[in-house]
Protein chains: 2
Amino acid sequence: MKKLINDVPDVVDETLDGFARAHADIVMVSHDPRFVSRAGGPVQGKVGLVSGGGSGHEPLHAGFVGLGMLDAAVPGEVFTSPTPMPIVGATKAADGGAGVLHIVKNYTGDVLNFETAADLAAAEGTTVRAVVVNDDVAVQDSLYTAGRRGVAGTVLVEKIAGAAAERGDDLDAVTAIAEKVNGQVRSMGLALAAGTVPHAGEPGFELADDEIEFGVGIHGEPGRERIKLEPADALTDRLMSAILDDLPFASGDKVLLFVNGMGGTPQSELYIVFRRAAEILDERGITLERSLVGSLVTSLEMQGVSITVLKLDDELTALWDAPVNTPALRWGV
Amino acid sequence: MKKLINDVPDVVDETLDGFARAHADIVMVSHDPRFVSRAGGPVQGKVGLVSGGGSGHEPLHAGFVGLGMLDAAVPGEVFTSPTPMPIVGATKAADGGAGVLHIVKNYTGDVLNFETAADLAAAEGTTVRAVVVNDDVAVQDSLYTAGRRGVAGTVLVEKIAGAAAERGDDLDAVTAIAEKVNGQVRSMGLALAAGTVPHAGEPGFELADDEIEFGVGIHGEPGRERIKLEPADALTDRLMSAILDDLPFASGDKVLLFVNGMGGTPQSELYIVFRRAAEILDERGITLERSLVGSLVTSLEMQGVSITVLKLDDELTALWDAPVNTPALRWGV
């Protein structure tokens with residue numbers, strides 16, 4: 001295993017130490033219990049937003065803590081759900097008196113631990129709601145999931161719900177916006193090569209030189225099928241068909257198109273995929289209203305890509321455009 | 001070769017098509033001659049900034065076209081200098097009547113082609129100056145270079161000179177700022193595994209499972225030596241010693257610390273390196289004034305990292321903080 005790390009058990013804590021130092025103007029890090037929160041503390045009177053999950057998907061979630069997005073994030077060990085106590089800590093750190101929304105990717109461990117934490121926080125006087133993100137159209141159930149997995153669409157839920165909270169929406173309204181985004185967003189990915197979890201020391205799966213995992217999960221979980229490598233346009237056609245036919249997206253829709261790298265994919269390849277995905281939107285009469293390209297929901301150094309499409313309306317577009325100031329997304333401030 | 005591409009000769013053009021579509025609010029792309037420029041055209045009365053070089057280092061340089069940074073960028077084929085004609089095209093597209101500064105990474109082909117282009121543009125009435133960036137302390141001469149290579153420090157030259165041009169500095173003043181940044185910035189990198197140039201079809205170099213290239217260039221050029229893989233802290237110590245002793249940086253200095261990923265390195269590893277690099281600054285009495293962490297000057301999907309340190313003063317800090325609105329760096333707007 002070739003990685004720029006020190007002792008394997010220290011990977012997450014040392015990552016967070018560097019992260020806290022680099023972004024001290026935006027975030028602060030608690031190590032016991034382990035969570036990341038806004039440098040300024042909770043915003044009084046604002047609904048707090050908390051997300052979290054296993055590490056290894058950086059910048060998700062800690063990279064999205066800051067104005068206009070999350071109030072706190074809970075990084076578990078690599079590809080491992082955080083336990084309830086740090087989620088409780090993050091929830092209290094995000095509580096400005098207007099309640100807290102948990103944004104949870106649909107993995108069995110995450111859902112259970114966030115539920116337990118919500119009960120514990122409620123017992124201490126914090127009102128908590130949750131939205132479970134399940135945007136991955138690839139498979140119905142999966143290795144760690146009952147129902148669809150939560151993947152890159154989570155970034156869009158966090159950004160748009162974060163903007164709603166920032167403008168002063170109450171807990172019911174922020175929850176409704178988050179549910180709405182989750183209801184209108186669809187994603188799917190593929191992998192060319194696996195990443196290596198530090199504790200495991202070897203790649204999570206093996207693919208032949210001409211083989212890809214179509215519909216892969218962000219932990220390298222199996223997708224729909226293993227197929228031969230095809231040109232980028234053909235693979236993009238496959239992903240877009242699965243995504244667009246699922247909602248379904250229709251002619252006349254306005255969308256945000258997000259092409260996400262899995263960690264080990266050069267930016268050039270993301271733009272090649274984006275190019276074809278945008279052409280497909282044109283062909284279907286769907287308007288490309290907003291764009292996002294980057295490696296934001298990763299799987300360590302996995303080589304691969306996912307595509308996410310969100311159906312927009314004027315309100316969602318305005319919330320997307322609203323100012324955001326986090327380590328990984330920044331505009332308007 | 002496993003890549004998300006179509007036909008190999010189309011990689012750069014298709015990347016640019018996707019890039020133009022995703023960032024149509026900021027940039028436009030010309031294909032013949034091939035360059036990227038600001039969507040709104042040249043800013044009248046402002047010094048124009050143009051950079052460029054081989055593709056494969058994305059987001060460098062096209063990702064830095066926009067308000068507060070470059071006016072145009074010239075992407076060559078992968079790891080291949082652009083020829084003079086597209087550089088002339090970009091220069092004219094950047095010319096708002098106050099002259100144009102070429103920011104050139106120190107590679108023999110780039111320097112020659114930018115010089116030729118400057119002569120041609122001058123013959124057509126555009127005043128052109130050039131700054132050659134050579135921030136890499138690893139080796140004196142290299143595979144494609146007489147003198148030191150230009151690497152990740154180029155981003156800092158482009159940002160700070162771009163801010164100087166945006167505030168209205170004239171061509172002499174913008175050139176002087178760019179020279180000043182180049183004079184005060186030092187970088188060095190290492191690689192754990194090579195990237196694959198599409199035309200070549202196989203990795204640019206081979207390393208044993210326990211071996212790294214220490215001092216690697218951004219085209220995978222040899223560095224100082226091949227050494228055994230060490231813990232991240234030990235490798236960071238080596239890089240920081242080479243960098244800090246070179247200028248040299250001294251106790252009391254204020255610096256910008258930039259940890260750059262080479263394309264295939266997870267963000268967590270960048271932060272682990274950042275953490276130790278910041279500790280070293282502390283130990284030497286050097287103040288960490290500004291931070292940048294990201295994969296901004298890449299070598300396709302090479303696994304590795306570089307560290308860049310820039311000595312700041314109040315003027316450079318203010319120019320760094322000034323608004324920027326490009327596909328890859330955005331704040332203040």
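Residue numbering restarts at 1 for every chain, and letters A, B, ... go by the order of the sequence lines. All values below come from the heavy atoms of this structure, side chains included, with hydrogens, waters and symmetry mates left out.
Of the possible donor and acceptor atoms, one in the side chain of B:E269 sits under 3.5 Å from a partner among the backbone N and O of A:L4.
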Practice task
Go through the steps to decide whether A:Y271 and B:H23 satisfy the test ring-ring contact (aromatic ring centres under 6.0 Å, His included), and finish with yes or no.
Solution key: CA-CA 11 Å; A:Y271 283 114; B:H23 307 292; 5.6 Å; yes
Exercise for the section: Test A:E58 against B:L270 for side-chain contact (heavy atoms from CB on, under 4.5 Å), laying out the working first. Expected result: CA-CA 11 Å; A:E58 292 74 23; B:L270 304 185; over 6 Å; no
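For a residue to count as touching a neighbouring chain, one of its non-hydrogen atoms must lie under 4.5 Å from one of that chain's; by this rule A:L192 touches chain B with backbone and side chain alike. Looking at A:T298, neither its backbone nor its side chain comes within 4.5 Å of chain B, counting heavy atoms on both sides. In this structure, the portions of A:D233 lying under 4.5 Å from any heavy atom of chain B include both its backbone and its side chain. For chain B, the nearby parts of A:I5 are the backbone and the side chain; heavy atoms of each come within less than 4.5 Å. Looking at A:L16, there are no atoms closer than 4.5 Å to chain B (heavy atoms on both sides), in backbone or side chain. Contact of B:V11 with chain A is made through backbone and side chain together, with heavy-atom distances under 4.5 Å. Only the backbone of A:E279 comes within less than 4.5 Å of a heavy atom in chain B; its side chain stays farther off. Of the two parts of A:A62, neither the backbone nor the side chain holds a non-hydrogen atom closer than 4.5 Å to a non-hydrogen atom of chain B. Heavy atoms closer than 4.5 Å to chain B are found in the side chain of A:V293, but not in its backbone. Proximity to chain B is absent for every atom of A:M302, based on heavy atoms less than 4.5 angstrom apart. Of the two parts of B:L257, neither the backbone nor the side chain holds a non-hydrogen atom closer than 4.5 Å to a non-hydrogen atom of chain A.
Smallest separation of non-hydrogen atoms from B:L229 and A:K2: CD2-CA, 4.0 Å. Across all their heavy atoms, B:E301 and A:P266 have their closest contact at OE1-CG, 3.7 Å.
At least one side-chain heavy atom of A:N6 sits less than 4.5 Å from a side-chain heavy atom of B:R275. Using a 4.5 Å heavy-atom threshold, the side chains of A:D282 and B:R21 count as touching.
The greatest number of non-hydrogen atom pairs below 4.5 Å with chain A, out of B:P231, B:G263, B:A22, is found for B:A22.
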